[in-house]
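For reference, the structure discussed in these notes is given below.
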Amino acid sequence: MTATEPGGVPFISVLVPVGTVGDQGLRETLLCLAGQDDTDLEVVLVVLDDEATVVATETVVADQPPRISARVRVVRTDARTPGAVRNAGLAHARGRYVTVLPEGDLVLGSWVRAFRDAEASASGRLVRALGVVQEHALVEVAGVPSVRAQGSPRSESPEQFSLWQHALEPLTQPSAWAWPRALVGTHDVAYDEDVVDDADWELLLRLGQLVGVVDLGVVTSLHRDWSGVEEPDLKATAGPTARDVLDARPLLVPAGEAGRMRSGASPGAAVREFVDELASRDELIRLKDDHIRNIEALLEDREARVTRLQERLDKRTAQVEKLRARLRIDAPAEESPAPGARPTEDDRGRGWFRR
Amino acid sequence: MNDTPAAASVAVLTVLYGNAPEAVTRTVEVFDNAARIAARAGLLSRLVLAFGDASPEPLLDDQQVAHLQGSTGSIEVTYEFFDENTGTSRGQNRLSRSTSSDLVLLCNPDVVPEGRALVRLLETLADPSIGLAEAKQQPVEHPKDYDVATGDTSWGSGAFSLVRRSAFEEVGGFDEATFFLYCDDVDLSWRLREAGHRVVNHPAAVVFHDKDLSASGGWVPTEAERYYSAEAALLLAHKWSRDDVLEEVLQMLDGSREEVHHRAVAEFRRRLGAGTLAPQRDAEHVVGTFVDGNYAAHRFAL
């Protein structure tokens with residue numbers, strides 16, 4: 001285990017935006033930091049400046065063991081966009097590297113160590129591990145608010161970083177990568193405060209082009225997909241999405257990417273594949289509709305047949321009733337069998353009883 | 001009715017085997033913190049962190065032990081070198097006999113409890129119908145199912161479970177003659193349930209218990225985990241009268257390409273031949289739960 005003395009310059013600054021999933025999520029995130037093999041870190045909790053969130057956060061911090069509480073700083077902000085929240089934390093960061101750990105997300109014990117082991121060979125590049133994603137829900141168990149995993153962890157990150165792939169969608173979760181803080185001074189790097197949704201995705205693409213990426217190839221984090229947790233209403237916030245920003249700027253890809261685009265699914269191929277998939281689903285829906293229509297027709301036919309049979313049955317029943325009425329007039333009443341009477345074994349007498 | 005005192009005493013039973021001294025220091029620090037919070041909440045009267053060292057050589061010398069004891073303000077620390085590899089079941093039985101407390105906390109040495117984990121479990125055991133309360137492990141949560149309304153579950157993990165000592169002793173502690181490492185906790189839980197005690201999961205009590213994950217997100221077991229979990233699967237199926245499951249597992253392991261599985265089968269057959277398997281119980285299959293190779297229904301695959 002490795003640790004920097006509290007007060008020294010740590011290897012990594014962990015920015016945790018607080019106030020999205022509740023204090024149980026924050027507890028679980030900080031617990032993962034207490035379990036790190038390498039605690040050469042500082043934690044910057046960026047808390048939205050409302051009293052309830054601040055008090056809840058301070059309670060959680062007070063419950064931390066010294067190895068974490070001595071490394072935590074709480075920064076209050078009235079920033080509203082994800083980028084501005086991150087920059088509020090970045091302003092207080094002192095680590096050589098910076099990463100974002102969303103409240104509620106979890107990391108393995110090797111998380112910091114894996115980044116640090118790569119520091120020397122990274123030579124100022126961004127370091128990227130792999131993350132997995134798992135569905136979770138906020139539940140109450142025996143009346144206590146809790147977090148419950150809902151599905152298997154699944155991998156969404158390609159082992160090798162590719163700019164064009166990441167330009168299509170955010171495939172690497174924020175806690176799976178870290179970037180050198182020196183870039184703040186040398187290249188004026190900061191999170192984009194205008195972006196209303198995924199500021200981490202925008203920065204990953206920007207830094208991927210600026211300094212390059214070193215892949216670590218190991219899973220070190222688990223991102224939680226929350227079900228039942230309200231997503232922020234982006235329509236209420238004026239500004240571009242990360243996709244808008246990425247679409248408006250050129251994408252400079254390193255050597256090797258063009259080959260990957262040709263051999264793999266290029267953006268064009270991805271679109272074509274998507275169109276094919278849609279067509280195939282349309283066909284499937286059409287077949288299902290046909291099938292439903294066939295079943296409905298069959299059902300109608302059967303219903304008509306049942307109606308016809310019912311009518312025939314009613315006629316027969318009426319005829320039988322008439323015959324029975326006639327029999328009651330023409331024949332004397334039958335005697336009831338005596339108790340203990342047994343049926344004959346003679347076919348001719350079957351149905352009759354004898355004493 | 002409530003047979004747990006408002007402030008209970010707890011003995012933490014932790015068996016060491018080759019752990020780094022730093023890991024032991026971390027355990028002392030995090031328990032000191034958890035005990036401080038539980039005592040302040042009025043739920044804890046005393047906590048003894050009892051280490052039993054099953055390593056070939058002592059992991060700590062007297063000076064290191066004294067340093068650990070001096071580093072805490074809220075707990076007592078004891079250290080005993082066993083001079084034999086006891087495994088978890090025999091080691092924890094031994095530690096339970098050398099301590100006295102209202103409750104025993106089964107704890108792996110590499111587990112880090114969240115500050116409030118102890119409080120949550122102490123609150124849970126205030127219900128006298130509950131014999132064992134387990135914490136939720138992260139970063140990879142165990143997939144076994146539990147009742148969301150009550151927390152009731154098939155079994156509680158020995159990685160971090162708080163057990164009423166009276167219940168632990170009533171069922172004779174761990175079955176150390178049968179289980180060395182894995183499934184000793186499943187067997188203990190089932191015997192507790194057989195004796196009428198509830199076993200519950202409390203997911204708001206959280207502990208960090210590190211795991212490796214493959215690139216696709218699957219659990220990566222170590223060789224020891226593969227061997228002892230295979231051996232324990234056979235022993236558990238036999239003991240809990242599930243000959244059908246036993247036959248199935250034997251067939252699967254016999255057909256496996258993994259050498260550890262063949263070793264597990266050989267050990268089981270050796271015990272069978274020697275007549276040293278545990279007597280069978282739960283003939284009506286009321287308690288023992290075997291679902292798709294697991295000891296509880298699982299909510300998701302891992």
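As the structure is a prediction and not an experimental result, all values here were calculated from the model. Proteins come first, then strands; the chains are lettered A, B, ... in the order of their sequence lines, and each starts at number 1.
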A:V141 portion near chain B, given a 4.5 angstrom heavy-atom threshold: both
salt_bridge(B:D110, B:K211) N-O dist < 4.0 Å: no
Segment of B:S214 engaging chain A (4.5 angstrom heavy-atom cut-off): backbone
Chain A contact via B:I37 - which portion, at a heavy-atom distance below 4.5 Å: side chain
Inter-residue atom distance B:R36.CZ - B:L47.CG, 0.5 Å rounding: 13.5 Å
Toward chain B, the part of A:L108 with a non-hydrogen atom under 4.5 Å: both
Salt bridge present between A:R224 and A:D105 (N-O < 4.0 angstrom): no
Which atoms of A:E28 approach chain B - backbone, side chain, both or neither, heavy atom under 4.5 Å: both
Test item: A:D38 side-chain N/O and A:R113 main-chain N/O as donor-acceptor pair under 3.5 Å: no
Smallest separation among heavy atoms of A:L207 and A:L126, with atom names: CB-CD1, 3.7 Å
Heavy-atom pairs under 4.5 Å with chain B, option from A:R148, A:E140, A:H136, A:Q134 with the top count: A:R148
Which portion of B:P203 sits near chain A, non-hydrogen atoms under 4.5 angstrom: both
Segment of A:S69 engaging chain B (4.5 angstrom heavy-atom cut-off): neither
Part of B:V200 within contact of chain A (heavy atom distance under 4.5 Å): neither
B:A20 versus chain A, the contacting section by heavy-atom distance below 4.5 Å: neither
Part of B:H202 lying under 4.5 Å from any heavy atom of chain A: side chain
Between B:E141, B:Q138, B:H298, the one whose heavy-atom pairs under 4.5 Å with chain A are most numerous: B:Q138
Salt bridge A:D225-A:R154, side-chain N to carboxylate O under 4.0 Å: yes
Most chain B-contacting option - heavy-atom pairs closer than 4.5 Å, from A:S221, A:A34, A:P153, A:A149: A:A149
Under 4.5 Å from a heavy atom of chain B, the part of A:E156 involved: neither
Heavy-atom contact with chain B under 4.5 Å, split by part of A:E159: side chain
Centroid separation A:Y97 to A:W111 less than 6.0 Å: no
Mutual orientation of the aromatic rings belonging to A:H166 and A:F161 [parallel < 30°, tilted 30-60°, perpendicular > 60°]: tilted
Chain A contact via B:D152 - which portion, at a heavy-atom distance below 4.5 Å: neither
Side chain A:S157, main chain A:L130, donor-acceptor under 3.5 Å: no
Interchain contact, A:V133 with chain B, by part (heavy-atom threshold 4.5 Å): neither
Parallel, tilted or perpendicular, as decided by the 30° and 60° cut-offs, for the rings of B:W155 and B:Y295: perpendicular
Atom pair OG1 (B:T124) and CG (B:L132), whose distance is rounded to the nearest 0.5 Å: 11.0 Å
